[in-house]
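Worksheet: the structure to be examined is printed underneath.
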Amino acid sequence: MDFDNTSDTELSELGEFGLIKHLTQYVELNQSSTIKGVGDDAAVINNGDLETVITTDMLIEGVHFDLTYVPLKHLGYKSVIVNLSDIYAMNAEPRQIVVSIAISNRFKLGALEELYQGMLLACKKHNVDLVGGDTTSSISGLVINITAIGAAKKENIVYRNGAKEGNLLCVSGDLGGAYMGLQILEREKAVFKENPNLQPDLEGKDYILERQLKPEARQDIINLFKKINVQPTSMIDVSDGLSSETLHICSQSKVGIDLYEEKIPIDPLTFNTALEFNLDPTLCALSGGEDYELLFTIDINDYEKVKNIREFTVIGHITNESKGYNMIAKAGTVHELKAQGWNALNK
Ligand code: ADP
Ligand code: MG
């Protein structure tokens, strides 16, 4: 079996996940050391006593970042963090990264130094070694591809597919902030384009700007799991928004979900800024993305261990697959949870 190479299907018809599924449908795993291939936050490879965890992410100028308002040092930091987040989402510890960049001669040495300062700061903070990469030229924008390698004991690795009926769905931190930070930056960019003499108005928005420009990967949560002796049954990091990640856990675990809108943790600044932009704060949390929090399920018997932990919020419970994917809105109405929550929530 193989592709017939004649399909002229538009990529937009498949979407990102449909495309990945299509392209990887004939992938064969023949190495006995390959424990997990495509489909989780990271691949898992048996390596003797420990298992190796590997993930990669590419950031493209004009698609993932805009250098008119993103300082290169922050970009370097974030490009490492987004990879480490996927390692933590496996309940593993990152150890090394390799960094590949494509650059144009529009960059001066100082600019690339800043990029690397940011990367090395993230490495230092997470105790990760930068061990290699590749450097090439680009005729358009800057491209950064980072691969992170981590390790964990076999029994500690947490996959997306382990959620069971009756489990509780929990999330760390709060959601929607990174998206609202981006809205502020885009607004000020538009104002600046109109009138370059105006200074950007970022006052009082520090928290959400930081969520967008300098996100953190939740190493502390992985440590906390060890400390309180909780092994999540499934886990994913929140890079694409709460609804999309919840659906990944549910579809891979073959379970349903009841998620409660009123439980979704949203910081007051995120909430108020969303209203300022005439956006529904819940929708920003469901569909915004880039928060890099951890979304996980736990056995109900572990509830006592997590209930007083400020960093965790229980937002739903796992149901039978036949019950489907539901969000119970604040008004008590039930809505189907969709990867793009925007339509489902229009009341
Ligand atoms: P994440 O958001 O956690 O980084 P992605 O949504 O990017 O994960 O990817 C989902 C899964 O698909 C991962 O297991 C990833 O390794 C795999 N994947 C993504 N793109 C490709 C590709 N072009 N070829 C093979 N596997 C891919
Ligand atoms: Mg991920």
Side-chain angles (χ1 to χ4, degrees), residues 2-3 7 9 11-12 14-31 33-45 51-60 63-65 78-94 97-100 122 126 143-150 152 157-163 169-173 175 178-179 215-219 221-222 232 234-253 286-297 338-340:
D2 203 354
F3 298 115
S7 171
T9 303
L11 298 183
S12 56
L14 289 168
E16 182 192 344
F17 300 116
L19 177 64
I20 297 172
K21 209 169 173 181
H22 184 83
L23 295 178
T24 56
Q25 64 185 310
Y26 301 121
V27 168
E28 292 176 8
L29 302 180
N30 294 319
Q31 297 284 347
S33 56
T34 307
I35 310 289
K36 179 83 188 181
V38 173
D40 218 298
D41 291 295
V44 180
I45 296 168
E51 290 189 342
T52 299
V53 176
I54 302 186
T55 181
T56 192
D57 253 303
M58 185 144 57
L59 299 178
I60 312 264
V63 179
H64 301 100
F65 57 88
K78 182 170 176 175
S79 57
V80 173
I81 291 300
V82 302
N83 279 279
L84 303 188
S85 179
D86 277 323
I87 301 284
Y88 292 128
M90 304 302 289
N91 203 25
E93 190 181 283
I97 57 166
V98 289
V99 178
S100 299
H126 291 266
V143 179
I144 305 168
N145 178 237
I146 298 187
T147 299
I149 304 159
I157 294 190
V158 178
Y159 294 93
R160 292 178 179 178
N161 65 8
L169 181 71
C170 312
V171 69
S172 66
L175 300 170
Y179 179 73
E216 202 40 82
R218 301 302 310 251
Q219 177 185 42
I221 301 295
I222 299 306
S234 70
M235 185 152 60
I236 188 168
D237 68 326
V238 184
S239 53
D240 291 337
L242 177 63
S243 52
S244 170
E245 315 302 3
T246 302
L247 294 175
H248 282 312
I249 285 187
C250 290
S251 63
Q252 295 213 17
S253 300
L286 286 172
S287 302
E290 292 201 291
D291 288 313
Y292 299 104
E293 295 297 341
L294 292 172
L295 179 71
F296 55 95
T297 53
K338 296 203 176 121
Q340 291 299 324

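Atoms within each ligand, like the ligands themselves, are counted from 1 in listed order. Note that the structure is a prediction, hence the values are computed from the model and not measured.
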With the side chain counted from C-beta on, respond yes when [X] and [Y] share a heavy-atom pair under 4.5 Å apart, and no when they do not.
X	Y	answer
K78	F65	no
Y88	Q219	yes
L247	F17	no
D41	D237	yes
Y159	I35	yes
M235	I222	yes
I81	H126	yes
V53	T55	no

Protein non-hydrogen atom below 4.0 angstrom of [atom] present:
atom	value
atom 22 (C) of ligand 1	no
atom 15 (C) of ligand 1	no
atom 6 (O) of ligand 1	yes

_Any R160 heavy atom less than 4.0 Å from ligand 1_ =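 A heavy atom of R160 does come that close to ligand 1.
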_Close approach of L23 to ligand 1, heavy atoms, under 4.0 angstrom_ =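 Checking ligand 1 against L23, which is what was asked, there is no heavy-atom contact under 4.0 Å.
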What residue and heavy atom of the protein are closest to [atom], and at what distance?
atom	value
atom 19 (C) of ligand 1	I20 CD1, 3.4 Å
atom 24 (N) of ligand 1	T24 CG2, 4.0 Å
atom 13 (C) of ligand 1	D40 O, 3.2 Å
atom 2 (O) of ligand 1	S239 OG, 3.5 Å

*Contact atoms of ligand 1, heavy-atom distance to V38 under 4.0 Å*: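 So the answer, numbered in order with elements, is 12 (O), 14 (O), 17 (C), 26 (N).
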_Show the atoms of ligand 1 that are less than 4.0 angstrom away from any heavy atom in D57._
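The list of qualifying atoms is 4 (O).
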*asked:* Need the atom name: nearest N/O/S atom of D41 to the Mg ion (ligand 2).
replied: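 Result: OD1.
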Purely on distance, is any nitrogen or oxygen of [X] under 3.5 Å from one on ligand 1?
X	result
G39	yes
D86	yes
D41	yes

_Rounded to the nearest 10°, what angle sits at the Mg ion (ligand 2) between OD1 of D86 and OD1 of D237?_
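The two atoms subtend 90° at the Mg ion (ligand 2).
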_Could you report the tightest heavy-atom contact between S243 and A339, atom names first, then the distance?_
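That would be OG-O, 3.3 Å.
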